[in-house]
Amino acid sequence: MSHRIQRLPLNDTQSVLAGLTEAGQQFQSVHLKDLFALDAERFARFHVRFDEVVYDFSKHRLDQKILSRLIDFAHAQDLAGWIRRLFSEEAINYTEQRSVMHWALRLPQNDASHPALAQQVHEQLQRMFALVEKIHAGQYRGATGEVIQDVVNIGVGGSDLGPLMASHALADFRQTTVKPLNMHFVSTMDGSQLSELLHRLRPETTLFIISSKSFSTIDTLSNAQTVRLWLEKALGQYTQVLRHHFVGVSTKPEKMTAWGIAPENQFLLWDWVGGRYSLWSCIGLPIALTIGVEGFRQFLAGAHSIDRHFQTAPFAQNIPVLMGLIGAWNNNFLDIQTHAMLPYDGRLKYFSAYLQQLEMESNGKSIQRDGQAVSLDTCPIVWGEVGPNAQHAFYQLLHQGTHAVSCDFIAPVKRYNANQFTYAENAGALVEQHHLALSNCLAQSRLLAFGNQALGADVVESLPAYKQYEGNQPSSTILLNELNPYSLGMLIAMYEHKVFVQSVLWNINPFDQWGVEKGKEIANQLLPILNGEGGEMDGLDASTRGLIEVLLG
Ligand SMILES: O=P(O)(O)OC[C@H]1O[C@](O)(CO)[C@@H](O)[C@@H]1O
């Protein structure tokens, strides 16, 4: 349905979309190699350098005219107004009557524009920082007086993916602690991660974080219940066991209390923080435990830098705006329906999993704000893997398959600092490995873009058809000066705002997830049947009934 342009909210939008649709048809046959041949200044023209980031969008099938039309699209959809609304306290998540203020989580403490908000946020951050420092100093002890050495984050979705991704990505910046501290993540409701982990952990030295915005997600509560039984079996059913071994992060203090989490171990966030935007709040405790208080402050500062950039940079120089517009151009006008995330840094192993939730849970919608069906395709399929490994897995499809795919290549400019003691001995060899990864990153985006042209025109003549490459797969390349807490904060915030930009273009609410909620409701209806506690089979479809009969034997 890529080119449907009926039922648009604004007349301006209609005419801009008609122009873009026509341009998209023309650009179907335009090849990147020709765009580059026509314009030696293409990189200079189509990249933005801001703070720690370079965003190169020259390998997209567009020119200056298309860019202007896309910016017209943003204006027609009142993007500037929506950005102002996002950074106000307006309840723009209208289906849940909530404001959307994850940006407030990274406000500096002395912020003059929203002093009350900043104070509220920093109060919880200070409490979290105090806990982090206590654990790092070996002063936080379990019920038997032993120092905590393992921390297990129990959460799912936004209460897992962001903390997991960032803790892994920033492991090089691990804070030195009195005793080594190991972070673990448990999310799956089937208990498989827990059953493996509990064999390795000692109850006396393990702290569990129950991380759930709603404190009602069954996945998390069932894992929490299992570890509680495990702890109580080993240490006894005493209040001090609960008090010393559980920390809770949620918007629901009363639910944490009812579960048995001591008030001093309850950390709060607010309804105005969406789950998939919550890693900046105390949901980010595992990140703070990994990189320490100063590291976490840097992480917030990086995101804040992008918040400012997003609010102030002109659209043609505004990285999240460009990311959103170019994504829409590919998706809506060039018919490129899938988007691959390809970081060339093993530390970003969980980045695509994280982005899948951020992008697809946010913009996987089909109803506009006015209740009408959308007029353009919304979120593309987002997927990905660490680039070098993906080269040996699915790149063949990118190069010679039949699907059009757009890609984001991400890499740090610098890696392996000889001054960092862990690398001192191997710095030279590791720096070469980094260069190897960078050369592959550049080679792949080049081959994807230019196809045969990248091989050299004379070589191509002699090649059989099956060795030829069509190319013309567009990509962006994002370079971070280095991957550190600050630049990762920037990178994540860039994608958060890109998602918002696209939601404005598509006129949808990116902050709810009613489809997911419905799935949870239906699972709750089926659980009693599987538990043998009754429940209605009659209203079920034949397939579900048949499967239940097999499951019940
Ligand atoms: O933090 P909670 O409330 O346990 O929710 C976990 C996740 O479940 C969802 O509601 C739906 O998957 C996500 O939006 C959220 O991040």
Side-chain angles (χ1 to χ4, degrees), residues 92-102 105 124 128 152-167 185-191 193-194 208-228 246-259 261 266-287 350-365 378-379 382 492 495-496 499-500 503 508-524 527:
I92 58 174
N93 174 1
Y94 74 98
T95 64
E96 297 177 312
Q97 289 88 47
R98 287 179 185 162
S99 338
V100 180
M101 300 196 290
H102 42 278
L105 300 170
Q124 289 304 315
M128 177 175 86
V152 183
N153 188 75
I154 300 182
V156 72
S159 302
D160 168 67
L161 289 165
L164 168 67
M165 178 276 287
S167 304
F185 292 86
V186 165
S187 55
T188 60
M189 63 166 73
D190 68 342
Q193 290 165 317
L194 262 190
F208 294 94
I209 305 170
I210 313 299
S211 186
S212 175
K213 180 184 164 185
S214 61
F215 220 79
S216 64
T217 305
I218 190 74
D219 319 44
T220 299
L221 294 182
S222 63
N223 278 323
Q225 185 57 19
T226 301
V227 299
R228 181 179 176 153
F246 286 98
V247 165
V249 188
S250 179
T251 55
K252 305 277 187 238
E254 66 292 351
K255 289 193 181 175
M256 290 195 275
T257 303
W259 197 88
I261 292 173
Q266 297 178 7
F267 295 88
L268 300 181
L269 67 155
W270 304 270
D271 268 347
W272 45 260
V273 184
R276 49 195 173 274
Y277 302 86
S278 64
L279 79 175
W280 319 99
S281 71
C282 293
I283 295 280
L285 175 57
I287 309 170
Y350 297 108
F351 196 64
S352 52
Y354 164 75
L355 276 183
Q356 281 175 347
Q357 187 199 16
L358 180 64
E359 299 223 12
M360 298 202 280
E361 193 167 75
S362 297
N363 282 342
K365 311 282 166 65
T378 57
C379 191
V382 177
I492 298 168
Y495 279 96
E496 284 182 347
V499 165
F500 181 69
S503 77
I508 55 178
N509 177 11
F511 301 115
D512 59 9
Q513 58 285 320
W514 291 106
V516 183
E517 306 306 338
K518 188 47 89 184
K520 292 181 193 170
E521 213 180 277
I522 296 179
N524 283 341
L527 185 61

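Numbering of residues begins at 1 and proceeds along the displayed sequence. Both counts, for ligands and for their atoms, begin at 1 and track the order of listing.
- Nearest heavy atom pair, residue E359 against residue C379, reads O-SG, 3.4 Å.
- Nearest approach of S250 to K213, heavy atoms of both residues: OG-O, 3.0 Å.
- Nearest heavy-atom pair, T188 versus Q193, reported as atom, atom and distance to 0.1 Å: N-OE1, 2.8 Å.
- Listed as neighbours of ligand 1 are V156, G157, G158, S159, S212, K213, S214, T217, G275, R276, Q357, E361, Q513, V516, E517, K520, each bearing a heavy atom under 4.0 Å from the ligand.
- A distance of 11.0 Å separates CE of M256 from CD1 of I210, quoted to the nearest 0.5 Å.
- In this structure, the side chains of M165 and I492 come closer than 4.5 Å at one or more pairs of heavy atoms.
- Qualifying side chain to side chain contact (heavy atoms under 4.5 Å, CB included) partners for N153, counting only residues two or more places apart in sequence or in other chains: M183, F185, I209, S211, P286.
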